[in-house]
Amino acid sequence: MSMGRFANSTDPRSGLEVVRDWNGVAQVVLRSPKGASARVSLHGGQVVSWRNDHGEELLFTSSKAIFKPPNAMRGGIQMCFPQSMQFGYSGTLERHGFARNRIWALDDEHPPINHNDNASKVSVDLILKPSEDDLKCWPHCFEFRLRVSLSKVGDLSLISRIRNVNGKPFSFSFAYHTYLSVSDISEVRIEGLETLDYLDNLSHKERFTEQGDAITFESEVDRVYVSSPNVVAVLDHEKKQSFVIKKEGLPDVVVWNPWEKKSKTMVDFGDEEYKQMLCVDAAAVERAITLKPGEEWTGKLELSAVSSTNCSDHLDHPVSI
Ligand code: BG6
């Protein structure tokens with residue numbers, strides 16, 4: 001990572017700024033003309049903040065989060081690769097895979113950091129390649145390219161491209177582990193997952209079928225909804241705001257809230273914070289993705305925060321990234 005490149009990028013007109021966190025790790029700040037922003041850390045390629053035009057934070061970060069590499073901080077959007085959840089792989093790999101714990105680099109294939117697809121977005125491109133140590137525990141040569149973009153209207157999009165650079169075929173699972181900030185978990189419901197099958201992490205991954213009209217919360221939930229539609233909405237009744245989650249290449253949705261008892265066992269999470277968060281992850285976990293040498297996989301996520309009255313307008317449109 002060259003400092004010169006960072007210095008050149010702090011041009012306020014570009015909509016991009018590079019700052020350093022207290023560990024000296026670079027964070028790229030994307031800004032929309034109307035005042036929305038997103039912040040992406042080179043630690044983990046993690047999106048650590050996403051704010052709307054009014055400066056309100058839309059992602060949850062725990063007040064007890066530990067901001068110290070190598071572990072990912074509790075909150076934002078974490079890149080879970082090459083294994084996500086307890087599904088797919090076991091053994092010595094780090095929980096949720098190592099990608100979220102590594103230091104990423106700016107992607108040299110996209111020369112200007114303030115790459116602008118078109119005038120409607122500001123984007124940053126990051127890349128992760130395995131280190132010698134990574135290859136010892138997961139012996140596969142990959143390139144993981146991540147583009148994070150903020151649109152003019154403040155929508156956040158993430159595009160992941162994972163390539164098998166050479167060698168043997170490999171398989172992986174993946175998730176955008178997304179901590180949404182909510183007013184009060186008891187006021188929240190998810191639409192789009194009803195009638196689907198899910199694997200329940202709290203019952204040894206047993207398969208059940210969702211029965212309710214919409215998903216609401218009154219106890220711990222840790223589920224993988226399989227083969228889900230590409231648009232899911234999280235409605236926050238109290239805030240009168242909805243998150244519209246659009247995805248592509250990611251068949252599953254992981255829904256997680258630790259609730260009271262589990263919260264107390266997590267050192268980097270406040271005892272009562274389960275009320276203000278909900279993880280809804282676009283993911284590929286039930287069936288591993290396999291790449292032959294030279295093949296590439298793409299997984300897209302687009303998040304919008306809209307007023308609940310306008311939510312249905314957003315549900316009909318496919319992912320636009
Ligand atoms: C969820 C998993 O996605 O992440 C849960 O389904 C897990 O089982 C949670 O507890 C948090 O994981 P971690 O490793 O970030 O503490």
Side-chain angles (χ1 to χ4, degrees), residues 9 15-21 23 25-32 35-53 55-62 65-67 69 71-81 84 96-97 99-107 110 113-115 117 121-128 144-151 153-162 174-182 234 243-248 250 253-254 256 268 276-283 299-305 319 321:
S9 66
L16 280 159
E17 186 188 353
V18 180
V19 297
R20 293 204 174 257
D21 69 13
N23 298 304
V25 179
Q27 294 188 341
V28 182
V29 186
L30 313 175
R31 289 185 213 284
S32 81
S37 65
R39 185 180 282 248
V40 188
S41 175
L42 266 58
H43 176 202
Q46 187 170 357
V47 179
V48 294
S49 168
W50 172 39
R51 290 178 185 266
N52 65 15
D53 290 355
E56 292 155 356
E57 181 59 59
L58 301 167
L59 298 177
F60 168 86
T61 294
S62 171
I66 301 165
F67 292 83
N71 293 334
M73 73 87 183
R74 174 85 54 202
I77 306 177
Q78 303 175 353
M79 304 302 127
C80 297
F81 168 84
S84 81
H96 285 319
R100 66 173 176 168
N101 301 334
R102 296 292 178 269
I103 301 295
W104 293 49
L106 294 170
D107 188 355
H110 297 278
I113 181 180
N114 54 339
H115 163 86
D117 289 297
K121 290 187 175 160
V122 58
S123 307
V124 63
D125 290 290
L126 304 185
I127 186 165
L128 180 71
F144 182 164
R145 293 194 152 77
L146 170 67
R147 173 172 296 174
V148 181
S149 309
L150 186 69
S151 78
V153 293
D155 295 343
L156 181 70
S157 59
L158 287 86
I159 304 179
S160 290
R161 289 184 294 134
I162 295 170
F174 181 94
Y176 288 115
H177 192 17
T178 305
Y179 285 78
L180 300 173
S181 170
V182 300
V234 178
F243 291 103
V244 178
I245 301 170
K246 296 183 182 176
K247 61 188 177 67
E248 232 179 67
L250 296 157
V253 171
V254 182
W256 179 61
D268 58 347
Q276 269 83 57
M277 57 73 68
L278 177 63
C279 282
V280 183
D281 310 346
K300 298 180 182 179
L301 170 68
E302 185 183 270
L303 294 176
S304 320
V319 70
I321 45 182

Original post:
Tell me, do L126 and L106 make a side-chain contact under 4.5 Å, heavy atoms counted?
Top reply: yes
**OP:** Give the minimum heavy-atom separation between L250 and A282, together with the two atoms involved.
**Re:** CD1-CB, 3.9 Å
Subject >> Test side-chain contact (heavy atoms from CB on, under 4.5 Å) applied to D281 and V254, V253, L301, I245, the passing residue >> reply: V254
Subject >> Spatial distance of atom CG (D125) from atom CD1 (I159) [nearest 0.5 Å] >> reply: 9.0 Å
**OP:** Would you check if L303 and W50 make a side-chain contact, meaning some heavy-atom pair closer than 4.5 Å?
**Re:** yes
Original post:
Q46 side chain to M73 main-chain N or O, any donor-acceptor pair under 3.5 Å?
Top reply: yes
Subject >> Reported NZ-to-OG1 distance for the pair K247 and T178, which is rounded to 0.5 angstrom >> reply: 12.0 Å
Original post:
Does the side chain of I66 reach to within under 4.5 Å of the side chain of N71, using non-hydrogen atoms?
Top reply: no
**OP:** Go through V25 and F67 one step at a time and tell me if the side chain to side chain contact (heavy atoms under 4.5 Å, CB included) criterion holds.
**Re:** CA-CA 10 Å; V25 179; F67 292 83; over 6 Å; no
**OP:** Indicate the atoms forming the closest heavy-atom contact of K121 with S149, along with that distance.
**Re:** CD-CB, 3.9 Å
**OP:** Mind checking the OG-CG spacing from S32 to N52? Nearest 0.5 Å is all I need.
**Re:** 9.5 Å
Subject >> V122 side chain near L16 side chain, heavy-atom distance below 4.5 Å >> reply: yes
**OP:** Using the six-membered ring wherever Trp is involved, compare the ring planes of W256 and H177 and label them parallel, tilted or perpendicular (cut-offs 30° and 60°).
**Re:** tilted
**OP:** Grab the two heavy atoms, one from A38 and one from L150, that are nearest each other, plus how far apart they are.
**Re:** N-CD2, 4.0 Å
Subject >> Main-chain N/O of A72 paired with N101 side-chain donor or acceptor, under 3.5 Å >> reply: yes
Original post:
Do D21 side-chain atoms and Q27 backbone N/O form a donor-acceptor pair below 3.5 Å?
Top reply: no
**OP:** List for me each residue that meets salt bridge (charged side-chain N to carboxylate O under 4.0 Å, His left out) alongside D268, sequence neighbours excluded, and say none if there are none.
**Re:** R74
**OP:** Classify the ring geometry between F174 and F144 as parallel (under 30°), tilted (30 to 60°) or perpendicular (over 60°).
**Re:** tilted
Original post:
Residues two or more places apart in sequence or in another chain: which of them pass side chain to side chain donor-acceptor pair (under 3.5 Å) with S181?
Top reply: none
**OP:** Please list, chain by chain and in numerical order, all residues satisfying side-chain contact (heavy atoms from CB on, under 4.5 Å) with V148, sequence neighbours excluded.
**Re:** L30, V40, V47, V124, L146, L156, L158
Original post:
Can you name the salt bridge (charged side-chain N to carboxylate O under 4.0 Å, His left out) partners of R100, sequence neighbours left out?
Top reply: none
Original post:
Looking only at side chains, do S160 and Y176 share a donor and an acceptor under 3.5 Å apart?
Top reply: yes
Subject >> Residues which pass ring-ring contact (aromatic ring centres under 6.0 Å, His included) with F243, listed by chain and number, not counting sequence neighbours >> reply: none
**OP:** List for me each residue that meets side-chain contact (heavy atoms from CB on, under 4.5 Å) alongside S49, sequence neighbours excluded, and say none if there are none.
**Re:** R39, R51, E57
**OP:** Write down the atom of P69, the atom of N23, and the distance for their closest heavy-atom approach.
**Re:** CD-ND2, 3.6 Å
Original post:
Side chain of E248, backbone of E302: donor and acceptor closer than 3.5 Å?
Top reply: no
Subject >> Smallest separation among heavy atoms of F60 and L180, with atom names >> reply: CB-O, 3.7 Å
Original post:
Taking Q78 for the side chain and A175 for the main chain, is one N or O donor matched with an acceptor at less than 3.5 Å?
Top reply: no
